[in-house]
Protein chains: 2
Amino acid sequence: MVTLAEVAQHARVSASTVSYVLSGKRSISAGTRERVEHSIRELGYHPNAGARALASNRSNIIALMVPLRTDMYVPVMMEIAIAVATTARTHGYDVLLLTGEEGPDAVRRVTSSGLADGMILMDVELDDERLPLLRGGVAGQGRPVGEQEQPAVLIGLPSDTTGLTCVDLDFRATGALCVDHLAALGHRDVAVIGEAPAVYERHTGFAERTLQGLRSRGGELGLRLLHRPCAGGYDATAVTLARILDERPDTTGFVVQNESAVEPLLALLRQRGRAVPEDVSVVAICPEQVAVQASVALTSVALPAQEMGRRAVDHLVAKLEGRGGDEVVLLAPELTIRASSGPAPARP
Amino acid sequence: MVTLAEVAQHARVSASTVSYVLSGKRSISAGTRERVEHSIRELGYHPNAGARALASNRSNIIALMVPLRTDMYVPVMMEIAIAVATTARTHGYDVLLLTGEEGPDAVRRVTSSGLADGMILMDVELDDERLPLLRGGVAGQGRPVGEQEQPAVLIGLPSDTTGLTCVDLDFRATGALCVDHLAALGHRDVAVIGEAPAVYERHTGFAERTLQGLRSRGGELGLRLLHRPCAGGYDATAVTLARILDERPDTTGFVVQNESAVEPLLALLRQRGRAVPEDVSVVAICPEQVAVQASVALTSVALPAQEMGRRAVDHLVAKLEGRGGDEVVLLAPELTIRASSGPAPARP
DNA sequence: CGACACAGTCGAAGCGCTTCGACGACTATG
DNA sequence: CATAGTCGTCGAAGCGCTTCGACTGTGTCG
């Protein structure tokens, strides 16, 4: 193992000089810098992470807490995780992968052991038990003794965002956008095939916010909106669709939020002789890829997974460097019109 | 921040005693142990990771290198990653998430900075460029100067496994198992819908090995086997299926390896009036969940993602603790019969 | 032309932990 | 009863790095 001292010796300078060449925190003459850099390359030196963390009190590691359950949006999670990892690298950080399993304990462990400099949390619930540990110092509202603030960014939006930095798609606007589109095409009866019931029971923000957006805009536009949670998969979707058409036979518009209900829905509609988009229109909220690869290319609002991962890291790094404070970033949804939506059929 | 020294002071013992209580490397009297543990709890002490890594030369971190591309098997990757993370925690390790992006450099960086104690690599190619850095000391075959061995476990199987520890599903046996099943049901013309062409071009081991298994057993049993790569998604699958039925109209058995071709295939067969399983049988190689949720519950060989993640960690930890050496672990495939396969229809 | 700023370098302290050797107090052994 | 061994504890020496203050030499200004 090559150490700083060996590099220093090889370059005939002191250890501190090598350190300053590496960090750039003091000016170094061009000649010295070159000699040192040459020695570093020649010896294949890599600074020891532990020593660095100990001395500088920064680990250059970001913790990423992913949900343990794999019941939803797995590809989206993965995409976010990968975007986080690659973006972090461009800032010189590595990413530590935590699962939700440990819950708040993980936050405490990582914070107080100095394992990570900051953390990014995915799949935040509306009233997440980890939040108290993360909130910035709010005036007159100290944290429990011995707990210090951990710079953090949430991907998702809890109900109370004070002292928190959050990045998320604007799901309210997303819901509104879907409704707008269908209403503009003349649809009056719209069904919403939502996430699995468990997702609502957990009070996952995005699902509820989408619904709010759908409902409030739907109300404004005078649509008849029917929302049904759906576990996804073929059988569950079949049941959900049957119930919907039973209750509201005139339904001509569908908004689907559960990506694992998308393909089953299309197949079922086909089976029932309802052509897409001639008889019914379908708008999905799902990753681009799912929309494009579906058996009917789907009009959809994309889930900008990469963008969210990138933004989360950028904000966290800004915080770590003392720039920028708490902030809620809501990404504007974009609707892409594809082949699954069209004018509502003429009323009989 | 609470330090070891403060705990020691609080418990009225020396710092080293606290350290030994924590590590258990020397015997401690029950009374002292209790006092120390009490102080630790009371002060909310968490050892500083950097200091620990520096002094002990072990970081208690495992690096997990996931493929950058998200073109295949994303849920499987995610499941493996989560299994790795949770299993690692049970051994007292955390997991560092690396993307394939940096390639061999990431291996070098992590190795020589002491960031991680060992690594797990996913999506290994047959002749992966990272392998030379990982191979154990093979007799008479030293590593380049300055490179030291990094304890590693691969998930996947390269062509040359000398000096390597690998964990994978036995894809050869998997292929054979699929063919066996179809042959036993009387199918003579079997088509294989494989992974995307790019996967074969990269020489990803599992795809080629599955094919070998299919072909060799198919040959023994006298089947007519037709293999076609398929990018997945509806359109690509439609093209692939059309070609297959064009070339071999008598095809009654399908083996599908690309999970994103599964649902499209079922829809397309339905459309062409070929009933599953009455007219054609389908066997899939995919995660359990996909098989169960499909529009026809699929007879399948499951991809044991969790199992692979767990095993990889267990083996790596064993290595790190000096137990066990290089080894290739091939998990035996298991075929679950569901609704998508049945006796071949009588010949006209 | 002396005082002063500043760039460039060094030495040393110290980050919080592990671990080695030492040492006193006991217990077993012949 | 002397000797060896064992158990439980301590002190001190680092691990490899960052960073602070100090020092030297050069250029600048009044």
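Note: hydrogens, waters and symmetry copies are ignored here, and every other heavy atom, side chains too, is used. Please read all numbers here as calculations on a predicted model, not as lab measurements.
If you take CD1 of A:Ile28 and C1' of C:dC10, they are 11 Å apart, rounded to a whole angstrom. If you take CG of A:Leu54 and P of D:dT19, they are 12 Å apart, rounded to a whole angstrom. Taking atom CZ of B:Arg12 as the reference point, atom C1' of D:dG8 lies 18 Å away to the nearest angstrom. For the pair B:Arg26 CZ and C:dC20 C1', the interatomic distance rounds to 7 Å; values are reported in whole Å. Between the C1' atom of C:dG16 and the CD atom of B:Glu6 lies a distance of 11 Å, rounded to the nearest Å. Across the protein-nucleic acid pair, B:His46 atom NE2 and C:dG16 atom P stand 16 Å apart, rounded to whole Å. Between the CG atom of A:Asn60 and the C1' atom of D:dC17 there is a distance of 13 Å, rounded to whole Å. D:dT18 atom P lies 10 Å from atom CG of A:Asn48, rounded to whole Å.
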Step-by-step side chain to side chain contact (heavy atoms under 4.5 Å, CB included) determination, B:Glu101 to A:Ile82:
CA-CA 10 Å; B:Glu101 200 186 28; A:Ile82 289 180; over 6 Å; no
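Judged by distance alone with a 3.5 Å cut-off, no donor-acceptor contact links the side chain of A:Tyr20 to the base of D:dC17. For C:dG8, its base never sits under 3.5 Å from the side chain of A:Arg35 at any donor and acceptor pair. Contact of A:Ser29 with C:dG8 (side chain to base): no donor-acceptor pair of N or O atoms is detected under 3.5 Å.
Only one option out of A:Glu34, A:Arg35, A:Glu42 pairs with A:His38 in a side-chain hydrogen bond (donor to acceptor under 3.5 Å, both in side chains); it is A:Glu42. When each of A:Ile120, A:Ile155, A:Val313, A:Val329 is paired with A:Met308, the side-chain contact (heavy atoms from CB on, under 4.5 Å) condition holds for A:Ile155 and for no other.
Place B:Ser14 and A:Ser16 on DNA chain D by their nearest nucleotides, and B:Ser14 ends up nearer the 5' end.
Here the side chain of B:Tyr45 is nearest to one of D:dG16, C:dC17, C:dA7, namely C:dC17. When the nucleotides D:dG8, C:dC17, D:dC17 are ranked by their closest atom to the side chain of A:Pro47, D:dC17 comes out on top.
Using a 4.5 Å cut-off on side-chain heavy atoms (C-beta onward), B:Arg52 and A:Leu54 make no contact. Side-chain contact between A:Leu316 and A:Pro151 is present, with at least one heavy-atom pair separated by less than 4.5 Å.
Within 4.0 Å of A:Ser23, counting heavy atoms only, lies no atom of the nucleic acid at all. Counting any heavy atom pair closer than 4.0 Å across all strands shown, A:Ser56 reaches sugar-phosphate atoms only and no base atom.
Under 4.0 angstrom from either OP1 or OP2 of C:dT18 there lies no side-chain N or O belonging to B:Lys25. Here B:Arg52 reaches the OP1 or OP2 of C:dT18: one of its side-chain N or O atoms lies under 4.0 Å away. Of the side-chain N and O atoms in B:Thr17, one or more sit less than 4.0 angstrom from OP1 or OP2 of D:dC10.
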